[in-house]
Structures are given as C-alpha cells and as structure tokens.
**Q** 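Here's a structure for you.
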There are 2 protein chains.
Amino acid sequence: MAHALDLVGDRWALLVVRELMRGPKRYTDLGERLPGIGTNILATRLRDLEGHGVVRRSILAPPAASKVYELTEYGRELRPAMRALAEWGARSLGPPTDESGFFPGWLGNLIDSMLAPHAPAGRLELRALGDETASLVDGEAVDGPVERPDVVVEGKPVDVYSMVVTGRPDQVHVHGDKGLLAELLRAVQPTAAVQS
Amino acid sequence: MAHALDLVGDRWALLVVRELMRGPKRYTDLGERLPGIGTNILATRLRDLEGHGVVRRSILAPPAASKVYELTEYGRELRPAMRALAEWGARSLGPPTDESGFFPGWLGNLIDSMLAPHAPAGRLELRALGDETASLVDGEAVDGPVERPDVVVEGKPVDVYSMVVTGRPDQVHVHGDKGLLAELLRAVQPTAAVQS
DNA sequence: CCGCATCCCCAAAGATACTG
DNA sequence: CAGTATCTTTGGGGATGCGG
C-alpha cells in the first residue's frame, strides 16, 4: 500500500491517471479536464508518473506530430483499483446541488466510472443540453454521439447527472429502448444513504 | 473518484485506514505502526476521517476504559479498493535491500495484503526471528502465533519478506506441511518485473 | 495556440516540545 | 496515554513568461 501511494498517492496523480484511462491526451487537454490543477503541478505529476513507469510520452505519427501522454500497461492495470475506489466514493456522493461543477469531460467520466462497469450490451447516448454528449457502447465509454443508438437520454446536465446517481430518469427525455435504460439503471449500485 | 480522494486522498489517510482494517487501535499504537507520521498529522487525519464517516471513536467497556479508533461499516467497505491498490503496488515492489524498514505490524500487514487474498484453508504461522510473529488462519491475518499450525515458517525478517515477494522459501526454515505453503506461494501473484 | 519553466505566496505538512 | 502548541519546511495554487 505504502509503495502504491508512493507511485500514485500524490495529490492529483490518480486524477491524471483517470483522465488518461480513457485514452491518450495532450498536455493542455489534461489541464482543461482537471480544473484547478495548475500547470506546474501537472508538469510535475506527469514527469513523476513517467519516472514511475505509469505514464509514457509519445509523439503522434506525422503529420499530426503532436505530443501526447498515455498510460503504460502498468498504468492501465490501475483500472480495477480505480473502479473500486470510485464506486466506494460514489456511495457517499449525493446529487449535485447547482449547475456548476460540470467541467470538460465530466459526462464521459460519469459514464466510465458509474455506468460502464455494470452496462449490458447496447448503445446508449447521453446528451447534456448545451454541454456535452457522450455514449456507452457495449460497456465502453465513448466521447460524442454514436451511430444508431438503441436509446438516447436528453436533459439538462444536472438532470442527466441526477438520473445516474438516483437511478430514476425523471427530469430527462428518453427516446428509444426505455427497457434497456431501465436495465442499466437497475444494475448500477444505488447510492446508499451513507450519512456524512 | 474525486470525491473518494476528498475523503481518503490526503497523505497518510489510507495508511491509517489500512492499520484500522485489522482491528480497532489506540492512538499511540497507530502512531507506532505509522513511522514518521507525526502526532499532529495523526490527530488531524483521525478527526477528518471521523468527520467523513470512515472512522469512529469508541471507548472500550470498563474496566479497560481506553479510547480506541475503529472503522465504520463504510470504512470497512474500502477493503476491496485497498486490496486492489496494494496488489498493484506490489507488482513493482522488489525485495527489501536492508534490514531496516521493519516497523511494528509489518508482518501482519504483509500477510494481510499479499497472502490473505489468495490463501487456501489452513493455519500458517510466520516467525520473523528477533522481531514479530503473525499468522494466517483460513484467509485471515492474525497477530501472534496460532495453536496447532499446519505449517510454520521461520527466518530473519528480510528472508521472510523475500519469501513472500519472490515466492520461494529459500532462506527460511519450514516445519510442517510444506505442500500447503507451496500452494499458497503459487497462488500469490508473482511480482512481475515492472521496470522502474 | 501548445508545452511547459519560473516566481511568488500561502496553506498544509513535518518535527519537536510540551501538557492534562 | 492522548493528544495540543509551536515552529519550520515543503508543496500546491495562481499568474506570468517564453520558446517552439
């Protein structure tokens, strides 16, 4: 445990890994998806994680030729631990209280951490009005819309979020296979009432 | 994830939880088992963890009447996440280089994090000469010796440690059911050679 | 713009001493 | 034993700069 925390226990480190878990990212994109991190900290974390064999720097093939950070195989092996930690945290996390706190990538992260582990086969698209769209395709989170979705959920960001944590599609519009959505929401661990 | 880290992401927090995972402990005992923590940090962590519903203070029944800290039900639910993190860390952890670093409780922690998750039924006793003795009884770590052990392993602390991380009982003495020990060591994930 | 390095400032962490 | 008080040091947040 202590050694694991030496590798990824620093502040922000696991959140950097979380972002990279969904694919390689550029430095600036990472900064946007981690509001409040500060550029020096991000640079330091990436350097440390690289030194620890968790993250690797890579140059995209020309003509793209831009630098990206990606997880090593060892870094990807953190997935079970991160899933377990996220599910534990979710059990004491209530619905959002306001419209804020929706930073770039939040919807993808929500799908990846709360829906993907329990997802039945199928193509689900979530549209947060005026914000982002992300999808869940056969258990994998995908950014943006998806072709021929089985079911589409549409609503304000806070209502999409609430649907996931409460398990009830109350304030959102659902098009398509409502049974599939119901099945998914039933499979998601209901947020137990853990008194804070 | 971010919320989980708000609860247990501070430095030392998960190590405090790790110690309490093996039973209630007094303040001073926690301090001894967490070398380097500093009394103020320990007090702050315990207060924060209590505020977050992870730890609870409790007074032992008279005439013992001493204060102890213990995990709440929610705190105990961290076990899967901690196991996953510990196993991940263990894959990049080599054998110890010197005789130091063996603080009170190290043997119990070693058994709990590396052996217990894979243990077959049986009673195993580990004796670190001149240091500690701890046991593994049907998959659960127990401090101290055990009655009628099926197999006893005895050796210098560093050699007991090495046996666990390398999977080979080379520098230690084994009494009793060597087959059971071999079965256990085989079940333990071999420490993959992850280049640092 | 992207990808950082630098600088300043402050809050939190560490070490140590001390106390009910 | 179970912490609090005090002091020092480290690390994070925020702004800025700067070469590619």
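Just so we're on the same page: letters track the sequence lines, and every chain starts at 1. Because the structure is a prediction, the values reported are computed rather than measured.
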**Q** Distance check needed: D/dG12 P versus B/Leu5 CG, whole Å only.
**A** 14 Å
**Q** Could you tell me the separation between the CG atom of A/Asp29 and the P atom of C/dC1, rounded to a whole number of Å?
**A** 14 Å
**Q** Figure out the CZ/C1' separation between B/Arg26 and D/dC1, and round it to whole Å.
**A** 8 Å
**Q** Just the rounded figure in Å: distance from P of D/dG14 to CG of A/Leu34.
**A** 13 Å
**Q** Using heavy atoms to find the nearest nucleotide of DNA chain D for A/Gly36 and B/Leu46 separately, return the residue whose nucleotide is more 5′.
**A** B/Leu46
**Q** Using whole Å, report how far CD1 of B/Ile37 lies from C1' of D/dG3.
**A** 13 Å
**Q** What's the spacing between A/Leu185 CG and A/Leu180 CG if we round to 0.5 Å?
**A** 9.5 Å
**Q** Might you point out which heavy atoms bring A/Ile111 and A/Ala134 nearest each other, and give the distance in Å?
**A** CD1-CB, 3.7 Å
**Q** Are the side chains of A/Ser135 and A/Leu124 in contact, using a 4.5 Å heavy-atom criterion?
**A** no
**Q** By the definition salt bridge (Lys or Arg N to Asp or Glu O under 4.0 Å), identify the one residue from A/Arg26, A/Arg76, A/Arg56 that meets it with A/Glu70.
**A** A/Arg56
**Q** Do we see a donor-acceptor contact under 3.5 Å between the side chains of A/His118 and A/Glu87?
**A** yes
**Q** For B/Glu32, enumerate each residue passing the salt bridge (Lys or Arg N to Asp or Glu O under 4.0 Å) test, keeping only those at least two apart in sequence or located in another chain.
**A** none
**Q** With distance as the sole test, does A/Lys25 use its side chain to make a donor-acceptor pair with the main-chain N or O of A/Gly23 at under 3.5 Å?
**A** yes
**Q** Closest approach to the side chain of B/Tyr69, judged atom by atom: which nucleotide of D/dG12, C/dC4, D/dG3 is it?
**A** D/dG3
**Q** Without decimals, in angstroms, what is the distance between B/Ile41 CD1 and C/dA17 P?
**A** 17 Å
**Q** Within this structure, what is the CG-to-C1' distance between A/Asp48 and D/dG12, rounded to whole angstrom?
**A** 13 Å
**Q** Which atoms of nucleotides 5-8 of chain C (N or O only) lie under 3.5 Å from a protein N or O atom, and what are those distances?
**A**
unit_1, atom_1, unit_2, atom_2, d
C/dA5, OP2, A/Arg47, NH2, 2.9
C/dA5, N6, A/Thr39, OG1, 2.8

**Q** Whether B/Arg57 contacts D/dG3 is assessed here as follows: a side-chain N or O lying under 4.0 Å from the phosphate OP1 or OP2. Is that the case?
**A** yes
**Q** Contact class for B/Gly31 vs. all strands (heavy atom < 4.0 Å): base, sugar-phosphate, or nothing?
**A** nothing
**Q** Test side-chain contact (heavy atoms from CB on, under 4.5 Å) on A/Asp150 and A/Glu125; report intermediate values, then the result.
**A** CA-CA 8 Å; A/Asp150 296 312; A/Glu125 184 174 309; over 6 Å; no
**Q** Return the residues of residues 9-24 of chain B meeting this criterion: a heavy atom under 4.0 Å from some atom of DNA chain D. Order them by number, or give none.
**A** none
**Q** Is a side-chain N or O of B/Tyr27 found less than 3.5 angstrom from the main chain of B/Leu42, in a donor-acceptor match?
**A** no
**Q** Answer with base, sugar-phosphate or nothing: what part of the nucleic acid does B/Leu42 contact at a heavy-atom distance below 4.0 Å?
**A** nothing
**Q** A/Glu32 has an atom CD; how far is it from atom P of C/dC4, in whole Å?
**A** 15 Å
